[in-house]
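Starting from 1, each residue takes its place in the sequence as its number. Order of listing sets the numbers, starting from 1, for every ligand and every atom in it.
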Amino acid sequence: MDKKLFLQQLEALPIEGLDAAGLYREISALAVKHIAFSEKPKRCAHYLSIEFLIGRVFFNNLLELGVLREVKTLLRKKGVDLARLEEIEDAALGNGGLGRLAACYMDSGAACGFPLYGYGIRYRYGLFRQTFEDGFQREAPDDWQRFGDPWSIRREDEAQTIRFADMTVTAVPYDMPLIGKRVNTLRLYQAEGSAAAEAISGVLYPDDSTEEGRLLRIRQEYFLSAAAIGDMVRAYEARHGQDYRQFAKENTVQLNDTHPVFAIPELIRVLMERGVAYRAALKTAQAVFHYTNHTILPEALECWEKRLLQKILPSIAEILLKMNATQRQRHRKEGYTEAEIEAAGIYSRARDAFSMANTAVFSSGIVNGVAKLHSEIIRRDLFAAEAAHHPEKFFNVTNGIAQRRWLELANSELAELIDHKIGRAWRASPAALCELKPFVQDGETAAAFDAVKQKKKAQLFDYIVRTEGVRFTGEKLVYAQVKRLHEYKRQLMTAFALLRLYYDLKEGKLPDFAPSLFVFGAKAAPGYARAKAIIKYINEILKTINRDVSLGGALQGVFVTEYNVTYAEKIVAAADVSLQVSTAGLEASGTGNMKFMMNGAVTLGTMDGANIEIVEQAGMENNYIFGARVEEIEALRKGGYDPNAFLQANPAWKRVVETLRDGTFSDGGTGCFQELYTSLTAGASWHKPDHYFIFRDIEEYYQAILRVNRDFCDRARFTQKQLACVAASGFFSSDRSVSEYAEHIWHIRPKADKRK
Ligand SMILES: *Cc1c(COP(=O)(O)O)cnc(C)c1O
């Protein structure tokens, strides 16, 4: 980019009097004109993901272009405050951690100069917008394009035709620049043609409880896969014609979870259509693809009925059956037992369905988990058969987050404080954050850090007043649990702990309790009744607590609506305590935990996912770890766990839990609180009572909450812990994660672009 020319043209731009959307469109459009996409080198990595939770790109892009400060100054002179662009809503083309990870990896790929190209879907509507009505979640469509989409470039000339048995769809790419040492692209495909075609890129995760819904999801997944493969093959043919022997040398594909797994049979199909023999095509595929697993929850492991595939994608079904036959043959030869062959099978006769995960594992060079513990679990349990015979396939890459967004942008005050202490090198080499360690004990640094925290809290509170209309008074210790709402993440356990705090405070049992604020943020999947019940329950508890003036502000809480990337940026910067309390073994990694850590919140959590590595880096003594370890949970799962006995023996907890059915709180006559109660004490047809082991961990959780609270009162000591977390957070930069993928999996090198 020619910065000088850009700034000159910006100065000449007639933008006075424009509204926020107008400003956003004009300035962005001008910047886009100045961006030159980098040449693709011979070998590129492609990242396929059904979600990209991009958030706001405006500030990030200007930062990456190196003009953010100049643009702010220039506009201020024109009487325009860039903060007005706060009104522009996020591009929420994703649901949570998986999609945000994809976005951070795109950011790091470009920043570090790797030729890493993203492929996804340009949904007409992103993740639903959330409001509360009498404490219940309500969903509204997210029309993110109403502000325009000035950072995307429509590439009509590169559109492709995607064929299903019963319809033909046009896939039109929209390219977003990913700016860093190189300018890569995130290519999002929009489905066009008939109304049925358009529905394919209509919404993220359509309801899959009906056959119609499942067919639509299959169409989405194939649409993305086929468009991406078509794009790679076309670019390849432009260089090599019809000789496909170099394809795997020049292309590597990372499958972000199983949603894009149809790319495997699709590549085989396309190659065979062009005359390549099946065996050679399969071999090419096995050299091209790599697969990241993100979950071991059985309900999230995709299986597609053969019948449905045969209906709309018969040639893909045929190839999958062929792969299944080859796989079984090979496994037999390699000495897999019959049970192992069945467990690893691409096609299951019993279910009459294809396992997308097994397809990915068989066809991938490398299969990775997203944190050390998770990678161990998939090796030991989920993919045990394959790991026993092909241990070389399995690898770990612990997730990371882009420090540019989550520290430099979200907390410029802290970033500047860090610059002041150790210089600016950490911004490009986040491992250098460890140079802060000598300052951890330093009183002056601690005081400066504390001042930054206060400021970020004030900004958050201000934002909450404006968006939620809830006001807080006085200084607060901020505990935050913000993430998708799911039973395994155990927001319900936090709700119980909060209610217990309330009762204990009212009874005068906690005389020295530091005034605290609990911040919740979460969207529940529209069809997930229990998750919605938990939201309602938390809102009822908060209503009671916030109304009770007798507490004198000692305990308050807020459930923010519309939790998204922008909100997350404000919350992670302000929080003191990061609540990461999943049942051990179930949170693959988490990335929210890393964002909080980098902003100096201590982790109050279980030994799960990346929490384990967080305490490894930052020290047990600087965090608050509680609860059953994974081995204990696994033992309890086998038998001997009795939540009812726990409640009988612990009247204080029983009193709390009984509020689900004793009329303390109203569930609006829906019966949803009673259903939660039943799930904990009696179970359901598909699970035992309390199958996420809340009552195993809740007393320890409560004690840990109180411990943090006590420690917070010794502010100098507590600030040292927080600073120690910041100083140890460099490892969790996604620059590190992406570099590991590049070195060990993709075999690509940085190839910076001087022109950018
Ligand atoms: C980081 C992030 C997540 C993931 O949070 P976890 O705590 O790791 O589940 C979800 N949503 C948003 C908006 C995020 O920024």
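The shortest side-chain heavy-atom distance between Val452 and Glu416 does not fall under the 4.5 Å cut-off.
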Decide yes or no on ring pair (Phe, Tyr, Trp, His ring centres under 6.0 Å) for Tyr24 and Phe147, but give the supporting numbers first. CA-CA 8 Å; Tyr24 170 62; Phe147 301 98; 7.2 Å; no
Worked verdict on Glu562 versus Thr131 for side-chain contact (heavy atoms from CB on, under 4.5 Å): CA-CA 7 Å; Glu562 189 51 23; Thr131 52; over 6 Å; no
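In this structure, Phe559 and Phe520 have parallel ring planes: the angle between them is below the 30° cut-off, well short of the 60° mark. Between Trp151 and Phe58, the angle of the ring planes goes over 60°, which puts this pair in the perpendicular group of the 30/60° scheme.
The minimum heavy-atom distance between Phe732 and Asn399, with the atom names listed, is CD2-O, 4.4 Å. Among all heavy-atom pairs drawn from Arg490 and Phe693, the shortest one is NH1-O, 3.0 Å.
At a heavy-atom distance under 4.0 Å, no atom of Arg484 approaches ligand 1. Only side-chain heavy atoms of Trp406 come within less than 4.0 Å of ligand 1; its backbone N, CA, C and O stay farther off. Neither the backbone nor the side chain of Tyr567 comes within contact range of ligand 1; no heavy atom lies under 4.0 Å.
Of all atoms in ligand 1, listed by their number and element, those nearer than 4.0 Å to a heavy atom of Gly96 are 10 (C), 11 (N). Annotation for ligand 1: atoms under 4.0 Å from non-hydrogen atoms of Lys595 are 1 (C), 2 (C), 3 (C), 14 (C), 15 (O). Of all the atoms in ligand 1, the ones that sit under 4.0 Å from a non-hydrogen atom of Thr591 are 1 (C), 4 (C), 8 (O). For ligand 1, the atoms closer than 4.0 angstrom to any heavy atom of Ala568 are 15 (O). Close contacts between ligand 1 and Gly590 involve ligand atoms 8 (O) [criterion: under 4.0 Å to a heavy atom].
When only interatomic distances are considered, the shortest N/O to N/O separation between Glu587 and ligand 1 does not fall below 3.5 Å. For the pair Asn564 and ligand 1, the shortest N or O to N or O distance does not fall below 3.5 Å. Residue Gly592 places at least one N or O, backbone or side chain, under 3.5 Å from an N or O of ligand 1. The N/O atoms of Asn95, backbone and side chain alike, include none that comes under 3.5 Å of an N/O atom in ligand 1.
Counting only residues at least two apart or on different chains, the salt bridge (charged side-chain N to carboxylate O under 4.0 Å, His left out) pairs with a member in residues 584-595 are Lys489-Glu587.
Nearest protein heavy-atom neighbour of atom 11 (N) of ligand 1: Tyr563 CE2, 3.7 Å. Of all protein heavy atoms, the one closest to atom 7 (O) of ligand 1 is Lys483 NZ, 2.7 Å. Residue, atom and distance of the protein heavy atom nearest to atom 9 (O) of ligand 1 are Lys489 NZ, 2.8 Å.
Tested against Leu492, the residues Leu680, Ile538, Leu485 include a single side chain to side chain contact (heavy atoms under 4.5 Å, CB included) partner, Leu680.
Heavy-atom proximity to atom 4 (C) of ligand 1, evaluated over Gly97, Ala410, Ala92, is greatest for Gly97.
Remark: Arg379 fails to qualify as a cation-pi partner of Phe394 under the 6.0 Å distance and 45° angle criteria applied to the six-membered ring.
In this structure, Tyr189 has no ring pair (Phe, Tyr, Trp, His ring centres under 6.0 Å) partners at least two apart in sequence or on a different chain.
Using a 4.0 Å cutoff on heavy atoms, Glu569 does not count as a contact of ligand 1.
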